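Both ligands and their constituent atoms are indexed starting at 1 by order of listing. Bear in mind the structure is a predicted one, so any value in this text is a computation, not a measurement.
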Amino acid sequence: MEPCTTPACQSARDIFQELEEYYDEHNLYFQTISSVLEAANKLGVDRRLKLILSQPKNEIMFHLPVQMDDGSWQLFKGYRVQHNNVLGPYKGGIRYHPEVKLDEVKSLSLLMTMKCALARLPFGGAKGALKVDPRAVSRSELQRLTRRLTAALGNNIGPDYDIPAPDVGTNAQIMAWMADTYINFAESSKKVTARGVATGKPIEFGGSEGREKATGQGLIYVLDELLPRMQMDISQLTYSLIGYGNVGSWTARLLQAKGTMLKAVMDHTGAIYNAEGIDAERLAAHVAKTGGVANYTAASAISSEDFYSTQVDLFIPAALEQMVDLKHAEHMNCKVLVEAANAPTTPHAERYLLEKGVIILPAILCNAGGVTVSYFEWKQNRQSETWDEVVVDERLREVMQRSVQRVLKMADRLQCSLRVACFAAAIEHIDKVYKCRGVFP
Ligand code: NAD
């Protein structure tokens, strides 16, 4: 593949060389920082800010010894990367996956900094990961692992410092174990507010109404704002979806309520298709029972190639990073790529799709609903309040609408892609805050 010669890649290369950091153009962190620097260059921000954003503030790595049910011991690798906290406490999910790598966690933490700034939430960006397949360990092993990880994180997390949330392979139960472990270590006078250490908790234990569906719900609000501008009626559209976990399955259920037709789904167990539409609720029940979309009887099994080439209006990746690469993009047959997952599109695929006229709705806008309702949960925990779902949804809609307006205004001002506009709207805010605060000393 041709080396990237864009000014953005050159800016990233210059900074990496100056810091004597290893770089590789296929590396997700290099790609993410290149996109962010493209926006920074368009805005004309000073070099100080570009340097600060180019590397995370803290990269923490652990090796956790955990006893398994059969009495044997295993060592698990974990990461917490804290990218930036100029806007407020670090905030970001914790992922459990057997193939996580430090650079992936760094990229996701940088994207969290951008996402919180774009939505104007009082948070910085972080991300964590544990190298484990959560499906391959028992519930008691998962609990011991989570408690050991939380203890190892110690004072590197806290409701005023760094607040984890669910991500790929983690859920409300894991957040409950994290918060409970943290509370056990907290001073007596801080035990009430200590549960704000994690968001995405079960409702009974300080979670927020509407948090589980929040990422999907936020995406629907973004579509409500943007589709009419593209002369598209959501009730008349078809779509395909990668991933049927939290984000994918909620997006599907909420789109079904709008009348949008799901034609094809792919997850780690296989891909399925039905020209007449796939029922989102029935598929969710099947996935809850069997662990994946494979063997769903009301649709036909198809190959991955057939999945990518299915003709749809919206193509929605809601699984892992880089699942839309150039090879897949060449087969894709959609009008709009709606990024529900973080960093699902490689830069080569993005250039190809944009040239083909596909509209790309960037992840830091589309999936900001999750962290927004996490912010609401954190706020409710601090104030010992519980908000109704209608209140949560209404406030979420306001945040998403304002974010969309910010992005459209920036795209118009800089005459740039929506991705660059998202990053620019975030960077401009961070720049203003650095200018007010200064950089210590
Ligand atoms: P999840 O663990 O609930 O679901 C992940 C899905 O990805 C599963 O359906 C799994 O089968 C699928 N998948 C995994 N490997 C795959 C492969 N090789 N091919 C096809 N599918 C595969 O995770 P989630 O919370 O739904 O997160 C999905 C994406 O959304 C991630 O990028 C995450 O960072 C992002 N995100 C999540 C939230 C949240 O609130 N959970 C918020 C913002 C962004």
Give every pair made of an N or O atom of ligand 1 and a protein N or O atom lying under 3.5 Å apart, one pair per line with both atom names and the distance to 0.1 Å, or write 'none'.
{"from": "ligand 1", "atom 1": "2 (O)", "to": "Gly169", "atom 2": "N", "distance (Å)": "2.9"}
{"from": "ligand 1", "atom 1": "3 (O)", "to": "Asn246", "atom 2": "N", "distance (Å)": "2.9"}
{"from": "ligand 1", "atom 1": "9 (O)", "to": "Tyr244", "atom 2": "N", "distance (Å)": "2.8"}
{"from": "ligand 1", "atom 1": "9 (O)", "to": "Gly245", "atom 2": "N", "distance (Å)": "3.1"}
{"from": "ligand 1", "atom 1": "11 (O)", "to": "His268", "atom 2": "N", "distance (Å)": "3.2"}
{"from": "ligand 1", "atom 1": "11 (O)", "to": "His268", "atom 2": "ND1", "distance (Å)": "2.6"}
{"from": "ligand 1", "atom 1": "21 (N)", "to": "His268", "atom 2": "N", "distance (Å)": "3.3"}
{"from": "ligand 1", "atom 1": "26 (O)", "to": "Asn246", "atom 2": "N", "distance (Å)": "3.2"}
{"from": "ligand 1", "atom 1": "26 (O)", "to": "Val247", "atom 2": "N", "distance (Å)": "2.9"}
{"from": "ligand 1", "atom 1": "32 (O)", "to": "Ala319", "atom 2": "O", "distance (Å)": "3.0"}
{"from": "ligand 1", "atom 1": "32 (O)", "to": "Asn342", "atom 2": "N", "distance (Å)": "3.0"}
{"from": "ligand 1", "atom 1": "34 (O)", "to": "Arg95", "atom 2": "NH2", "distance (Å)": "3.2"}
{"from": "ligand 1", "atom 1": "34 (O)", "to": "Asp167", "atom 2": "OD1", "distance (Å)": "2.7"}
{"from": "ligand 1", "atom 1": "34 (O)", "to": "Asn342", "atom 2": "ND2", "distance (Å)": "2.8"}
{"from": "ligand 1", "atom 1": "40 (O)", "to": "Arg211", "atom 2": "NH1", "distance (Å)": "3.3"}
{"from": "ligand 1", "atom 1": "40 (O)", "to": "Arg211", "atom 2": "NH2", "distance (Å)": "3.3"}
{"from": "ligand 1", "atom 1": "40 (O)", "to": "Thr215", "atom 2": "OG1", "distance (Å)": "2.9"}

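- Between Glu104 and Arg95, at least one side-chain N (NZ, or NE/NH1/NH2) sits under 4.0 Å from a carboxylate O, which counts as a salt bridge.
- A salt bridge links Asp180 and Arg147; the closest N-O separation between the charged side-chain nitrogens and carboxylate oxygens is under 4.0 Å.
- Gln31 pairs in a side chain to side chain donor-acceptor pair (under 3.5 Å) with only one of the listed residues (Glu25, Glu321, Gln322, His26), which is Gln322.
- Not counting sequence neighbours, the partners of Ala179 by the side chain to side chain contact (heavy atoms under 4.5 Å, CB included) test are Val197, Lys201, Phe205.
- In summary, Lys91 and Asp162 do not engage in a salt bridge, as defined by a charged side-chain N under 4.0 Å from a carboxylate O.
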*Evaluate side chain to side chain donor-acceptor pair (under 3.5 Å) for Asn333 paired with Ser309, printing each intermediate quantity in order.*
CA-CA 6 Å; Asn333 201 345; Ser309 53; over 6 Å; no

